[in-house]
Amino acid sequence: MAETIYANYPPQLSPEQQEFLVAFTKDWAIQNGLAVRPNPALLPEGADANHVLATTAPVTLFPSPFPKACFEEAQALQTLYNQLYATITSNQEWLGKIIEDLTDVDEFVANLWQTHLAVQKEGYVQNLSLGLFRSDYMADVTPTHDPALKQVEFNTISASFGGLSDRVRSLHTELLTSSPGGSINYPSHPLLESQTPPANNAVETLSNGLAVAHEAYGQPKSSAALPLCILFVVQEGERNVFDQLALFKRLTTFHKIPVFRIYSNKIFDQTSIPSSNPSRPLVYYPPHSPSSAFEVTTVYLRAYYSPDEYKSPRDWEARTHLERSAAIKCPTVLNQLSGCKKVQQILAQPTGPDHLSSLLKDVDAARISRLRETFAPQYDLSASGQGRDLALNPETAMKHVLKPQREGGGNNIYKSEIPDFLKSLPESDWKSWVLMEIINPAPNAENVALRVDGEVLRGNVISELGIYGTILWDNTGKIHYNDQGGWLLRTKGKEVNEGGVAAGFSSLDSVLLF
Ligand code: ADP
Ligand code: MG
Ligand code: MG
């Protein structure tokens with residue numbers, strides 16, 4: 001079934017048909033906010049001196065087929081995944097042991113851990129944590145068995161594109177439905193005539209999570225009883241701003257919550273914690289409104305996930321400043337650390353202790369085994385383990401990817417490059433990497449992508465599904481709110497190893513379920 005669907009999809013385009021679809025997509029994208037800021041490095045010198053330009057986000061011209069059973073299973077498991085990562089974050093003994101084993105080989109992880117320990121020593125004043133998570137998967141399509149859902153990774157910080165994913169669904173849906181069966185817009189194909197992509201409520205789900213945290217914060221703690229707000233901490237020069245603004249708009253217009261965006265390098269200029277107030281409220285001073293001040297209920301980080309964002313000790317002080325404040329953090333430093341690839345490897349290693357059952361004590365065994373089914377084998381590189389042999393042997397290395405403790409794409413080592421890469425590192429550093437079996441998506445899937453520079457590429461592709469979830473819990477592990485909703489499909493050329501959209505590797509896409 002799977003092979004036949006992929007074999008004839010998408011239908012071939014005449015030059016005129018392709019021109020029509022590209023023109024439609026370009027115009028639709030800007031009209032509807034399916035956009036990113038351009039990469040200054042790709043513009044002629046001085047071309048956008050005032051930073052007014054926006055451009056179409058990288059996008060596929062067709063939705064991609066995706067196995068319905070895998071899509072539904074990913075949604076069905078999301079709240080359990082939320083619970084798992086909230087539980088891990090609350091279990092400092094379990095998480096701390098894993099993290100402390102990385103601190104001598106990974107300075108970034110060590111600095112995050114130190115930040116947590118420093119705030120812990122002083123005493124946290126906020127018991128609640130908010131997670132806006134995205135669990136990423138591929139459908140393993142091997143002719144010998146039914147398509148299987150396999151997790152690529154679980155993101156606990158700055159999980160992006162929830163604000164744009166429904167835009168792509170909407171673009172493809174309009175192409176499919178604005179003429180009978182899409183027959184005027186798309187060349188004919190049974191898949192394009194029978195259905196549209198499923199609803200996508202990522203914006204609503206993620207905004208609800210932020211709104212629930214805002215509500216749970218309770219009364220102002222500042223002596224002046226300031227109005228309350230949510231603060232998005234973002235990177236200066238962020239190009240994916242319309243994604244963030246979709247959540248911003250939902251919060252301000254539907255939830256009626258004041259929201260501000262602040263560059264991470266302006267934390268000390270625009271926020272403070274009154275030293276005389278033991279509750280440590282985080283106070284935000286909007287630079288465009290000098291007489292006003294707000295107390296921040298919830299800090300949503302779309303920054304601080306990558307070591308190159310911490311250019312000086314001052315940046316670490318700013319992160320510590322946020323962490324020690326009374327604002328609910330999305331995420332806390334500990335929750336960020338729970339998303340380390342090392343944690344995912346320990347959960348997914350084929351042998352050893354049954355961590356899932358001991359972490360998820362109140363969950364029945366059948367549900368735990370469904371979660372476990374989504375793991376692809378992962379290994380450490382210790383001298384005693386299987387991972388080292390698999391990574392160093394050129395034949396078995398071909399079936400694997402090597403991952404460091406990093407986020408945001410562009411950090412992994414793939415297949416044939418693994419053995420030499422490892423040999424170039426001192427053996428003492430190997431423990432900061434994990435080895436993961438490559439997931440095998442549909443071998444003959446194709447699509448056509450419109451890239452940010454306007455180039456149109458047709459070819460073999462690999463699609464990665466993300467499912468969004470949100471959870472609010474306290475440091476005893478008690479869950480106050482847990483929900484899932486909304487999805488993301490990113491599609492990349494098959495020859496490309498990496499998958500990030502922001503990192504320039506893949507295109508936003510939507511699904512046709514089969
Ligand atoms: P990051 O946190 O940097 O996004 P990922 O684990 O998602 O790290 O890896 C980046 C990309 O590498 C993924 O989007 C995917 O394209 C590819 N990748 C990672 N793990 C696998 C795997 N097990 N099988 C196939 N591709 C993978
Ligand atoms: Mg990630
Ligand atoms: Mg990823």
Side-chain angles (χ1 to χ4, degrees), residues 58 64 81 85 106 108-109 131-142 148-162 165 240 301-309 331 335-345 347-350 374-379 387 390-391 396-418 432-443 445 449 460-469 487-509:
S64 285
Y81 262 121
Y85 279 88
D106 191 318
F108 181 54
V109 169
L132 295 191
F133 299 149
R134 198 189 67 220
S135 186
D136 290 337
Y137 305 89
M138 289 178 183
D140 180 330
V141 182
T142 313
L149 178 75
K150 292 293 168 190
Q151 187 179 57
V152 173
E153 64 150 344
F154 193 85
N155 294 289
T156 59
I157 182 165
S158 300
S160 58
F161 290 111
S165 59
N240 189 21
L301 296 186
R302 292 293 293 261
Y304 286 141
Y305 55 83
S306 162
D308 57 22
E309 296 179 70
N335 189 217
Q336 176 177 359
L337 284 168
S338 77
C340 274
K341 304 292 190 291
K342 182 71 197 170
V343 170
Q344 303 180 37
Q345 175 255 305
L347 294 173
Q349 63 195 2
T374 66
F375 294 158
Q378 298 193 43
Y379 309 88
L390 291 170
T396 46
M398 284 308 288
K399 298 196 180 86
H400 291 87
V401 45
L402 191 66
K403 302 185 181 186
Q405 312 306 314
R406 292 292 174 272
E407 285 305 324
N411 301 302
N412 299 341
I413 308 291
Y414 293 87
K415 303 178 183 175
S416 62
E417 287 163 15
I418 296 174
S432 62
W433 296 79
V434 304
L435 190 76
M436 179 174 188
E437 199 169 290
I438 291 275
I439 305 160
N440 290 304
N460 274 132
V461 294
I462 291 178
S463 294
E464 187 171 338
L465 176 75
I467 301 290
Y468 295 97
W487 48 271
L488 167 73
L489 197 76
R490 292 174 297 168
T491 293
K492 62 174 185 177
K494 199 171 181 186
E495 69 293 349
V496 181
N497 285 319
E498 281 287 337
V501 174
F505 300 108
S506 61
S507 302
L508 300 169
D509 194 354

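Excluded from the calculations below are hydrogen atoms, water molecules and symmetry mates; all remaining heavy atoms, backbone and side chain alike, are included. Whatever order the structure lists them in is the order used to number ligands and atoms, beginning at 1.
Within Glu407, OE1 is the N, O or S atom that lies nearest to the Mg ion (ligand 2).
No salt bridge links Lys150 with Glu464; every basic N to acidic carboxylate O contact stays at or beyond 4.0 Å. Taking a cutoff of 4.0 Å between a charged side-chain nitrogen and a carboxylate oxygen, Asp106 and Arg406 qualify as a salt bridge.
Within the 4.0 Å heavy-atom criterion, the part of Asn412 lying near ligand 1 is the side chain and not the backbone. At a heavy-atom distance under 4.0 Å, only side-chain atoms of Val401, from C-beta outward, approach ligand 1. Only side-chain heavy atoms of Tyr414 come within less than 4.0 Å of ligand 1; its backbone N, CA, C and O stay farther off.
The Mg ion (ligand 2) has no N, O or S atom of Asp136 under 2.8 Å away, backbone or side chain. Residue Glu153: an N/O/S atom is found under 2.8 Å from the Mg ion (ligand 3).
One distance of note links CD1 of Ile413 with CG of Asn497; it measures 10.0 Å at 0.5 Å rounding. Between the CG atom of Asn412 and the CG atom of Leu402 there is a distance of 8.0 Å, given to the nearest 0.5 Å.
Taking a 6.0 Å sphere around NZ of Lys415, one finds it holds 12 or fewer heavy atoms contributed by other residues, nucleotides or ligands.
Ligand 1 lies out of reach of Ala376, whose nearest heavy atom is not under 4.0 Å from it. Note on ligand 1: Val496 sits outside its first shell, no heavy atom being nearer than 4.0 Å. Within the structure, the closest approach of Ile438 to ligand 1 falls below 4.0 Å when heavy atoms are considered.
Closest protein heavy atom to atom 25 (C) of ligand 1: Ile439 N, 3.7 Å. For atom 26 (N) of ligand 1, the closest non-hydrogen atom of the protein is Met138 CE, 3.6 Å. Atom 16 (O) of ligand 1 has as its closest protein heavy atom Lys492 NZ, 2.9 Å. Protein heavy atom in closest approach to atom 18 (N) of ligand 1: Val152 CG1, 4.0 Å.
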Could you go step by step and tell me if Gln344 and Lys341 meet the side-chain hydrogen bond (donor to acceptor under 3.5 Å, both in side chains) rule?
CA-CA 5 Å; Gln344 303 180 37; Lys341 304 292 190 291; over 6 Å; no
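Minimum interatomic distance between Tyr468 and Ser165 (heavy atoms only, all atoms of both residues): CE1-OG, 4.2 Å. For the residue pair Ser64 and Leu489, the shortest heavy atom distance occurs at CB-CD2, 3.8 Å.
Panel note: side chain Thr374, backbone Gln151; no donor-acceptor pair is recorded below 3.5 Å. Between the side chain of Tyr137 and the backbone N or O of Glu153, no donor-acceptor pair lies under 3.5 Å.
Pairs engaging residues 432-442 under the side-chain hydrogen bond (donor to acceptor under 3.5 Å, both in side chains) rule: none recorded [sequence neighbours left out].
Relative to atom 19 (C) of ligand 1, the option among Glu153, Gln344, Lys403, Met436 with the closest non-hydrogen atom is Lys403. Between the choices Lys341, Gln151, Glu464, Glu437, the shortest heavy-atom distance to atom 14 (O) of ligand 1 belongs to Glu464.
Between Gly409 and ligand 1, a contact under 3.5 Å exists for at least one N or O pair.
In the vicinity of Arg406, heavy-atom distances shorter than 4.0 Å reach the ligand 1 atoms 2 (O). Within ligand 1, counting atoms from 1 as listed, the ones closer than 4.0 Å to a heavy atom of Asn497 are 12 (O), 16 (O), 17 (C). Of all the atoms in ligand 1, the ones that sit under 4.0 Å from a non-hydrogen atom of Gly408 are 2 (O), 3 (O).
When ring centroids are compared, Phe154 and Tyr81 come within the 6.0 Å threshold.
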